[in-house]
Amino acid sequence: MIVVKIAGGLGNQMMQYATGRALSLQRNVPLYLDLGWYENNRDLQFPRAFKLKSFNTKFKTVNLSKIGWKLRYTNRFLKLNPFRLKLIKDEDIETAPIGFDGIGNNTLLEGFFQNYNNFNSIRQLLAKEFTPVEKMDAVNTACLQKIISCNSVSVHIRRGDYALTDFHGMLGVAYYEKAIELIAQKKGALQLFIFSDEPDWVLQNMHFDYPYELVDFNRDEKSYFDMELMKHCKHHIIANSSFSWWPAWLSPHADKMVIAPEKWFSADNKTNGLIPEDWIRL
């Protein structure tokens, strides 16, 4: 069995799931997701909810802490469980694809695994599984039709917890202005679709020289619809966030332009395996 300790928001959950899904298929063993993090971190300053069940994902669930296994997930304790799981952290495999020797059939994965080489081999499968189970309502359907019918550009402006902590760092207005102009120079007339967790801030602090639509009707509880809309845009300006990384990576448009920030983290810019070579970094 492959067990993945799931943690964080939707974009991170997708990274973790994708890595575990690819490994479980490669080894032909079941995939389990340990959801204990969500029960044990309800009092966080920025709480998160498990949302992978909103997609057509394939997994079983387990809570290691509830069946008596230690929360520290060290190999010393894991050897006591009946499956004899071996702990593998993301720094253990770093930039190497998951198929390397050393990962067995009974493994617990812990970390964010932000390296698309881990799951690039199942990209088409993930594109199918990372689609909402729930049918789009009329508002989202109308927006999707607009996106499909024009030279659409998704622009993701991430604030929320980023504005209150120093870990990721905030992208300035200048980044978005440069990115929009660069796509306009190469792709002609644009229609911008703005996605943000603080749409009111965007309206008050940003100006766009191209036609735009602020997509503000899904909010957090149905943020997976925002991902679905973003995925169908022809071009992408992403934030330093896995939430917009996924729609850009899953986008089926062969001639898409993707603009990503040069710096992903405020203190450490280690992004090996995160940004594809054909994306443009500003």
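If you're wondering where the values come from, they're calculated on a predicted model, not measured in any experiment. Values reported hereafter were calculated over all heavy atoms of this structure, with side chains retained and with hydrogens, waters and symmetry mates removed.
- Atom CZ of residue Arg21 and atom CG of residue Leu31 lie 7.0 Å apart, to the nearest 0.5 angstrom.
- Connection of Leu25 to Leu126 is established within a shared hydrophobic cluster, with ILVMFWY side chains joined at heavy-atom distances below 4.5 Å, either directly or through further cluster members.
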What do the steps show when you test Asn115 against Asn118 for side chain to side chain contact (heavy atoms under 4.5 Å, CB included), and what is the final call?
CA-CA 6 Å; Asn115 184 337; Asn118 293 336; 3.7 Å; yes
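- Side chain of Asn106 to main chain of Met1: a donor-acceptor pair is present (N/O by atom type, distance under 3.5 Å, no hydrogens or angles).
- Side-chain contact between Arg158 and Ile238 is absent, with no heavy atoms from C-beta onward closer than 4.5 Å.
- With 3.5 Å as the limit, one finds no donor-acceptor pair spanning the side chains of Gln114 and Asp90.
- Ring orientation note: the planes of Trp245 and Phe119 are nearly perpendicular, at an angle over 60° on the 30°/60° scale.
- Closest non-hydrogen pair, Thr57 versus Leu52, comes out as OG1-O, 2.8 Å.
- At distances below 3.5 Å, not a single donor-acceptor pair connects side-chain atoms of Lys5 with backbone N or O atoms of Leu108.
- Under a 4.0 Å N-O distance rule, the pair Glu129/Lys58 does not qualify as a salt bridge.
- Transitive grouping of hydrophobic side chains (ILVMFWY, heavy atoms separated by less than 4.5 Å) brings Ile259 and Met206 into a common cluster.
- Distance alone, capped at 3.5 Å, places no donor-acceptor pair between the Lys89 side chain and the Leu109 backbone.
- In the hydrophobic clustering of ILVMFWY residues, with side-chain heavy atoms under 4.5 Å counting as a link, Met257 and Phe208 come out together.
- Side chain of Thr107 to main chain of Ile2: no donor-acceptor pair is present (N/O by atom type, distance under 3.5 Å, no hydrogens or angles).
- Here the options are Lys234, Lys187, His235, the test is side-chain hydrogen bond (donor to acceptor under 3.5 Å, both in side chains), and the partner is Asn151; only His235 passes.
- In this structure, the side chain of Ser251 does not engage the main chain of Pro247 through any donor-acceptor pair within 3.5 Å.
- Side-chain contact between Glu213 and Cys143 is present, with heavy atoms from C-beta onward closer than 4.5 Å.
- Here the side chains of Ile180 and Ile237 are in contact, with some heavy-atom distance below 4.5 Å.
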Walk me through it: do Phe50 and Leu33 pass the test side chain to side chain contact (heavy atoms under 4.5 Å, CB included)?
CA-CA 11 Å; Phe50 177 68; Leu33 304 184; 4.1 Å; yes
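- The OG atom of Ser241 sits 8.5 Å away from atom CG of Asp197, with the distance rounded to the nearest 0.5 Å.
- Nearest heavy-atom pair, Val153 versus His236, reported as atom, atom and distance to 0.1 Å: CG1-N, 4.4 Å.
- Note: Ser242 OG to Leu274 CG = 8.5 Å, rounded to the nearest 0.5 Å.
- Ion pairing of Lys231 with Glu228 is present here, as a side-chain N (NZ or NE/NH1/NH2) and a carboxylate O approach within less than 4.0 Å.
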Please evaluate residues Asn240 and Leu171 with respect to the criterion side chain to side chain contact (heavy atoms under 4.5 Å, CB included), reporting the C-alpha separation (whole Å), side-chain torsions for both, the decisive distance (0.1 Å), and the verdict.
CA-CA 8 Å; Asn240 50 338; Leu171 295 174; 3.8 Å; yes
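- A donor-acceptor pair is defined here as one N or O able to donate and one able to accept, closer than 3.5 Å; such a pair exists between the side chain of Trp246 and the backbone of Gly11.
- Using a 4.5 Å heavy-atom cutoff, the side chains of Ile194 and Leu192 are in contact.
- Partners of Tyr175 according to the ring-ring contact (aromatic ring centres under 6.0 Å, His included) rule, which considers only residues two or more places apart in sequence or in another chain, do not exist here.
- Here the straight-line distance linking atom CG of Asp255 with atom NZ of Lys186 works out to 13.0 Å at 0.5 Å rounding.
- Without hydrogens or angle criteria, Ser223 side chain to Arg219 main chain gives no donor-acceptor distance under 3.5 Å.
- Within 6.0 Å of CG on Asn28 lie no more than 12 heavy atoms contributed by other residues, nucleotides or ligands.
- Under a hydrophobic-cluster definition in which Ile, Leu, Val, Met, Phe, Trp and Tyr are linked whenever side-chain heavy atoms come within less than 4.5 Å, directly or via other members, Val155 and Tyr210 are assigned to the same cluster.
- Residues Phe113 and Trp37 share a single hydrophobic cluster, defined by chaining ILVMFWY side chains whose heavy atoms lie under 4.5 Å apart.
- How far CD1 of Ile147 is from CD of Gln145: 10.0 Å, rounded to the nearest 0.5 Å.
- In summary, of the residues considered (Phe243, Phe195, Tyr176), a ring pair (Phe, Tyr, Trp, His ring centres under 6.0 Å) with His156 occurs for Phe243 alone.
- Without hydrogens or angle criteria, Ser154 side chain to Phe193 main chain gives no donor-acceptor distance under 3.5 Å.
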Expected list for residues 131-139: side-chain donor-acceptor pairs under 3.5 angstrom, two or more places apart:
from, atom 1, to, atom 2, distance (Å)
Thr131, OG1, Asn56, ND2, 3.1
Thr131, OG1, Lys128, O, 2.7
Glu134, OE1, Tyr224, OH, 2.8
Glu134, OE2, Lys222, NZ, 2.9
Asp137, OD1, Val139, N, 3.4
Asp137, OD1, Asn140, N, 2.9
Asp137, OD1, Asn140, ND2, 3.0

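- Cation-pi contact between Arg281 and Trp264: absent, since separation from the ring centre below 6.0 Å together with deviation from the ring axis within 45° is not met.
- Using cut-offs of 30° and 60° for the angle between ring planes, the Tyr116 and Trp249 rings count as tilted.
- Among all heavy-atom pairs drawn from Ser244 and Ala239, the shortest one is OG-N, 3.1 Å.
- Between the CD1 atom of Ile148 and the NZ atom of Lys146 there is a distance of 13.0 Å, given to the nearest 0.5 Å.
- Side-chain polar atoms of His207 and Asp209 form a donor-acceptor pair below 3.5 angstrom.
- Counting heavy-atom neighbours within 6.0 Å of Glu221 CD, excluding the residue itself, gives a total above 12.
- A donor-acceptor distance shorter than 3.5 angstrom exists from the side chain of Gln13 to the backbone of Lys51, with no hydrogens or angles considered.
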Could you walk me through whether Glu262 and Leu282 satisfy the side chain to side chain contact (heavy atoms under 4.5 Å, CB included) test, starting with their C-alpha distance in whole Å, then the side-chain angles of each, then the deciding distance to 0.1 Å, before giving a yes or no?
CA-CA 5 Å; Glu262 178 64 36; Leu282 291 179; 5.9 Å; no
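- Checked against ring-ring contact (aromatic ring centres under 6.0 Å, His included), Tyr17 has the following partners two or more places apart in sequence or in another chain: Phe130.
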